[in-house]
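Residue numbers begin at 1 in each chain, while the letters A, B, ... track the order of the sequences. Note that these values count all heavy atoms, side chains included, but never hydrogens, waters or copies made by symmetry.
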Protein chains: 2
Amino acid sequence: MSTPPDQRQYHHGDLRTALLTAADRSVRAHGVAQLSLRDLAREIGVSHAAPRRHFPDRQSLLDALAENGYTRLGERIRAAVASGDDGFAPRLRRAASAFAHFATENPALLELMNAAKHRPGDSPVSRSADTAFAPLVDLIREGQDRHVLRAGPFEEIGLILYATMNGIATLINNGLVDATRLDDLTAAAVNQFLRGAAPHG
Amino acid sequence: MSTPPDQRQYHHGDLRTALLTAADRSVRAHGVAQLSLRDLAREIGVSHAAPRRHFPDRQSLLDALAENGYTRLGERIRAAVASGDDGFAPRLRRAASAFAHFATENPALLELMNAAKHRPGDSPVSRSADTAFAPLVDLIREGQDRHVLRAGPFEEIGLILYATMNGIATLINNGLVDATRLDDLTAAAVNQFLRGAAPHG
DNA sequence: GCCGAGATGTTGCCATTGACAACATAAGTA
DNA sequence: TACTTATGTTGTCAATGGCAACATCTCGGC
């Protein structure tokens with residue numbers, strides 16, 4: 001009844017997912033530039049043109065990866081923030097740390113997320129990016145509500161924090177800064193963010 | 001005596017420079033991914049294999065561009081800092097602004113500078129990167145000396161500021177943030193950097 | 001002046017790639 | 001069952017990066 005185990009079926013079943021999985025692994029191992037659609041097809045065992053049914057071109061595969069990345073990043077930040085009912089500062093630190101580790105554990109993905117040419121207005125990618133921003137912005141707003149942060153444009157402030165963490169991860173991922181400094185830099189960035197570099201009044 | 005003006009000479013004269021110039025323009029116009037060595041060769045009017053004499057492979061051309069970028073960025077920051085003998089804060093603002101504008105005027109170059117896989121230890125690229133960091137770190141140290149900044153690990157602090165500006169530029173270059181917000185975000189980032197987000201005292 | 005070596009360019013070739021078109025097969029549905 | 005759509009396949013093309021073999025220029029030592 002059932003097809004012989006090692007006989008290739010005409011239809012793969014879930015090629016799209018298989019492609020994304022294989023692409024993620026390939027990109028992780030060899031970098032974005034090396035990713036080849038034909039390679040993926042070979043690895044999965046389908047013809048070289050099969051991926052085209054799911055991703056019209058190379059970039060759309062990369063976009064899907066990036067989108068997925070933003071989603072996972074958002075979840076991770078959310079989880080970090082929610083993983084304890086302690087004070088504001090510890091939660092902020094956990095959020096920053098979550099970002100930092102996600103970004104350095106997935107260097108190629110971060111590159112993809114940053115490089116995905118986000119069209120004006122809303123593409124799926126930039127919408128998922130907003131989803132990743134959100135928990136950070138929410139956290140800032142909460143800090144302001146609790147008067148642990150000065151009042152101010154929370155979206156802008158969240159953006160700056162996000163940018164800082166993104167920048168740190170970029171420096172580390174490209175070897176401009178030693179990876180062992182990740183946690184120190186993250187902690188220092190959060191401190192900097194909270195109390196500033198100038199001496200107090 | 002002299003060669004007829006429109007007769008192609010066997011030797012170009014300064015192919016390396018011509019390649020870098022053409023590559024810069026191409027990358028600026030069509031992005032890094034689209035850059036083709038053969039295209040450059042055609043545009044310059046040499047054979048498709050000529051570039052190989054100056055850049056063994058595509059990546060080394062890109063590395064050279066990145067290196068050049070770091071050099072120019074460093075100069076620009078240095079100039080901004082030196083362009084007035086006023087107080088520390090204004091100079092810091094000018095430095096940040098210089099970075100911001102350089103990075104958003106040269107999006108592809110920034111991508112290149114960030115993506116140039118910096119080898120462990122010192123490649124030409126990472127050495128030129130250090131040269132771009134230097135004026136920022138010097139400025140921080142000066143601020144500390146003048147007690148306008150709290151004492152602290154100036155290299156780390158400079159790195160964090162650099163990361164922040166880098167991150168902001170990345171967000172804007174990829175359309176995640178509207179380009180018109182550049183100056184506001186830069187100013188806000190510097191403020192954040194100086195006085196922090198938390199209420200004083 | 002000459003000549004030989006190294007630098008710089010050229011031609012020809014190859015495997016790989018992304019993209020496309022035409023065709024084949026499976027799956028779902030009226 | 002017959003029609004329609006989704007999903008794969010084969011074949012082809014132009015372009016690319018990289019390599020090897022060959023051509024030409026430049027320059028320094030003699």
Please evaluate the base of C/dG12 for a donor-acceptor partner in the side chain of B/His48 within a cut-off of under 3.5 Å?
-> yes
When you get a sec, tell me which of C/dT17, C/dT8, D/dT7 is the closest nucleotide to the side chain of B/His54?
-> C/dT8
For DNA chain C, which residues in residues 26-35 of chain A have a heavy atom at a distance below 4.0 Å?
-> A/Leu35
Do A/Asp145 and A/Arg141 meet the salt-bridge criterion of a basic N to acidic O distance under 4.0 Å?
-> no
Closest to the B/Ala49 side chain, choosing from D/dT9, D/dC19, C/dG18 = D/dC19
Quiz item: B/Arg52 side-chain donor-acceptor pair to D/dG17 base, under 3.5 Å = no
If you measure only the distance, is there a donor-acceptor pair under 3.5 Å linking the side chains of A/Ser36 and A/Asp39?
-> no
Could you tell me whether the phosphate oxygens of D/dT16, OP1 or OP2, come under 4.0 Å of any side-chain nitrogen or oxygen in B/Ser36?
-> yes
Side-chain contact check for B/Arg58: nearest option of C/dC23, C/dG9, D/dG18 is D/dG18
Given C/dG9, is OP1 or OP2 found less than 4.0 Å from the side-chain N or O atoms of B/Arg16?
-> no
A/Thr71 versus A/Thr131: any side-chain heavy-atom pair under 4.5 Å?
-> no
Against the side chain of A/Asp39, the closest entry in C/dT17, D/dT16, D/dG18 is C/dT17
Touch class at under 4.0 angstrom, heavy-atom based, for A/Arg38 against every strand present | base
